[in-house]
Engineer: 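This is the structure I want to talk about, given as structure tokens.
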Amino acid sequence: MKHETDQPPAHFERPADWADFAPELGVQNSDHIVTKRQWGAFYGTDLDLQLRRRRD
């Protein structure tokens with residue numbers, strides 16, 4: 001049985017700036033930006049690799 005959260009969201013039009021960062025975040029050129037393309041935080045991204053590289 002699939003739960004409601006397993007379903008993709010209903011189709012809707014996003015504003016052109018929907019993925020822009022708020023100026024208050026102070027994004028720097030040296031920041032690593034991860035673009036999520038799937039439901040999971042790590043799947044299909046290099047987030048795991050980037051976090052491992054930064055581990056002390």
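One is the number of the first residue; the rest follow in order along the sequence.
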Engineer: Enter the distance from Leu49:CG to His32:NE2 here, rounded to the nearest 0.5 Å.
Structural biologist: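 Separation between the atoms: 8.0 Å.
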Engineer: How does the hydrophobic cluster around Ile33 look, that is, which other residues are in it when side-chain heavy atoms under 4.5 Å mark a link?
Structural biologist: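 Grouped by the 4.5 Å side-chain rule, Phe21, Leu25, Val27 form the rest of the cluster around Ile33.
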Engineer: Does anything in residues 42-51 pair up under salt bridge (charged side-chain N to carboxylate O under 4.0 Å, His left out), and if so which pairs, sequence neighbours excluded?
Structural biologist: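 The answer is Asp48-Arg52.
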Engineer: Just grab all the side chain to side chain donor-acceptor pair (under 3.5 Å) pairs involving residues 15-31, residues at least two apart or on different chains.
Structural biologist: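 Every pair satisfying side chain to side chain donor-acceptor pair (under 3.5 Å) with a residue in residues 15-31: there are none.
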Engineer: Got a donor-acceptor contact below 3.5 angstrom from the Arg54 side chain to the Gln50 backbone?
Structural biologist: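 Side chain of Arg54 to backbone of Gln50, a donor-acceptor pair under 3.5 Å: yes, one is there.
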